[in-house]
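In what follows, every heavy atom counts, from backbone to side chain, and hydrogens, waters and symmetry copies are set aside. Predicted, not measured: the structure shown is a model, and the values here were computed from it.
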Amino acid sequence: QVQFVESGGGLVQPGGSLRLSCAVSGTIFSIYTMGWYRQAPGKQRELVAHITSGGRAKYADFVKGRFAISRDNAKNRVSLQMNSLKPEDTAVYYCNAGDPEMSSVITESWGQGTQVTVSS
């Protein structure tokens with residue numbers, strides 16, 4: 001089965017930075033688009049950014065210019081560099097694999113996620 005292990009979250013002040021990492025196992029990582037999602041309490045999970053197997057990145061409007069997604073196919077790892085963090089970025093962040101445009105994910109078995117808290 002496919003497994004995702006997210007790490008790198010923590011408590012940071014507004015304007016600060018964090019780098020999240022997602023380790024993927026149980027699938028042929030290199031053929032899939034990978035995405036980062038987040039979910040705040042009481043809200044739906046939303047797609048933050050995704051990157052295709054060829055390295056093409058796309059971002060939600062609310063993080064453009066602040067976040068950068070990258071992947072290392074040799075290490076089966078996807079990262080999310082988050083800069084200029086805002087309190088509204090506070091959420092649990094998850095990763096998953098999907099089709100080229102991330103219109104669907106390959107599994108509904110999500111990882112535990114990593115908590116990002118932006119607060120002064």
Side-chain angles (χ1 to χ4, degrees):
Q1 68 274 18
V2 183
Q3 295 186 74
F4 308 99
V5 180
E6 300 93 345
S7 61
L11 175 63
V12 64
Q13 294 183 338
S17 298
L18 285 172
R19 186 174 179 86
L20 308 184
S21 181
C22 171
V24 185
S25 63
T27 190
I28 307 174
F29 175 85
S30 62
I31 70 173
Y32 293 107
T33 291
M34 290 296 303
W36 279 99
Y37 298 77
R38 70 187 187 188
Q39 187 169 30
K43 298 184 178 180
Q44 295 186 63
R45 182 160 42 222
E46 60 185 353
L47 180 63
V48 175
H50 65 273
I51 183 168
T52 69
S53 61
R56 182 183 177 90
K58 190 174 182 180
Y59 302 91
D61 287 343
F62 51 82
V63 303
K64 283 183 178 178
R66 300 190 297 122
F67 291 8
I69 189 171
S70 61
R71 66 190 295 161
D72 185 339
N73 287 344
K75 296 182 178 181
N76 285 11
R77 183 173 295 173
V78 176
S79 298
L80 185 69
Q81 178 67 46
M82 306 187 296
N83 301 319
S84 301
L85 283 162
K86 305 174 181 179
E88 51 262 46
D89 295 318
T90 296
V92 179
Y93 284 71
Y94 303 88
C95 63
N96 210 327
D99 62 24
E101 296 300 322
M102 214 66 197
S103 57
S104 64
V105 294
I106 65 169
T107 181
E108 291 296 332
S109 181
W110 297 79
Q112 293 298 304
T114 185
Q115 176 71 52
V116 172
T117 303
V118 185
S119 176
S120 60

Item checked: Heavy atoms of other groups near Ile106 CD1, more than 12 under 6.0 Å -> yes
Item checked: Nearest atoms (heavy-atom pairs only) where Ala60 meets Leu47 -> CB-O, 3.6 Å
Checklist line | Closest non-hydrogen atom pair, Gln39 against Ala91 | finding: O-CB, 3.5 Å
Next item on the list: First locate atom CG of Asn96, then atom CZ of Arg45, and finally report the distance between them rounded to the nearest 0.5 Å.
Entry: 8.0 Å
Margin query: Pair Gln1, Gln3 - check side-chain contact (heavy atoms from CB on, under 4.5 Å), show working.
Written below: CA-CA 6 Å; Gln1 68 274 18; Gln3 295 186 74; 4.1 Å; yes
Margin query: Distance check, rounded to the nearest 0.5 Å: Ser21 atom OG versus Arg77 atom CZ?
Written below: 4.5 Å
Next item on the list: Give a yes or no answer on whether the side chain of Thr27 reaches the backbone of Phe29 with a donor-acceptor pair at less than 3.5 Å.
Entry: no
Check: Taking atom OG of Ser119 and atom CG of Leu11, what is their separation to the nearest 0.5 Å?
Finding: 6.5 Å
Notebook entry, point to check: Rounded to the nearest 0.5 Å, how far apart are CG of Asp89 and CE of Met82?
Noted result: 7.0 Å
Checklist line | Minimal non-hydrogen separation, Ala68 against Tyr59, with atom names | finding: CA-OH, 3.2 Å
Notebook entry, point to check: Counting only N and O atoms by type, is there a donor-acceptor contact under 3.5 Å from the side chain of Glu6 to the main-chain atoms of Cys95?
Noted result: yes
Notebook entry, point to check: Are Val12 and Thr117 close enough that some pair of their side-chain heavy atoms sits under 4.5 Å apart?
Noted result: no
Next item on the list: Could you tell me whether Arg71 sits above the aromatic face of Tyr32, with NZ or CZ closer than 6.0 angstrom to the six-membered ring centre and within 45 degrees of the axis?
Entry: no
Check: Between CG of Leu18 and CD of Gln81, what distance do you get to the nearest 0.5 Å?
Finding: 8.5 Å
Check: Do the side chains of Asn83 and Phe67 get nearer than 4.5 Å, heavy atoms only?
Finding: no
Margin query: I need the minimum non-hydrogen distance between Ser30 and Ser53, along with the two atoms involved.
Written below: O-CB, 3.0 Å
Note to self: Between Lys64 and Asp61, does any side-chain N to carboxylate O distance fall below 4.0 Å?
What the structure shows: yes
Check: What's the spacing between Ser25 OG and Asn76 CG if we round to 0.5 Å?
Finding: 8.0 Å
Check: Does a sphere of radius 6.0 Å around CD in Glu101 hold more than 12 heavy atoms from other residues, nucleotides or ligands, not counting ones at 6.0 Å or beyond?
Finding: no
Note to self: Using side-chain heavy atoms (C-beta onward) and a distance below 4.5 Å, is Thr33 in contact with Ile51?
What the structure shows: no
Notebook entry, point to check: Taking everything shown except Gln13 itself, do over 12 heavy atoms lie less than 6.0 Å from its CD?
Noted result: no
Checklist line | For the student: nearest non-hydrogen atoms of Pro100 and His50, plus distance | finding: O-CD2, 4.1 Å
Next item on the list: Grab the two heavy atoms, one from Gln115 and one from Thr90, that are nearest each other, plus how far apart they are.
Entry: NE2-CG2, 4.0 Å
Next item on the list: Check whether more than 12 heavy atoms from other residues, nucleotides or ligands sit under 6.0 Å from atom CD of Glu46, and answer yes or no.
Entry: yes
Note to self: Tell me if the aromatic rings of Tyr37 and Trp110 count as close, with their centers under 6.0 Å from one another.
What the structure shows: yes
Item checked: Single-linkage hydrophobic cluster, 4.5 Å side-chain cutoff, Val105 and Tyr93 together -> no
Next item on the list: State, yes or no, whether a side-chain contact exists between Val92 and Thr114 at a heavy-atom distance under 4.5 Å.
Entry: no
Check: Does Tyr94 have Arg38 sitting over its ring (NZ/CZ under 6.0 Å from centre, angle to axis within 45°)?
Finding: no
Item checked: Same apolar cluster: Ile31 and Val2, side chain cutoff 4.5 Å -> yes
Next item on the list: Give the C-alpha distance, both sets of side-chain angles, the deciding distance and a yes or no for side-chain contact (heavy atoms from CB on, under 4.5 Å) between Ser7 and Gln112.
Entry: CA-CA 9 Å; Ser7 61; Gln112 293 298 304; over 6 Å; no
Check: Cluster question for you: counting only ILVMFWY and a side-chain heavy-atom cut-off of under 4.5 Å, with indirect links fine, are Met102 and Val63 together?
Finding: no
Check: Do Cys22 and Ser79 touch side chain to side chain, with heavy atoms closer than 4.5 Å?
Finding: no
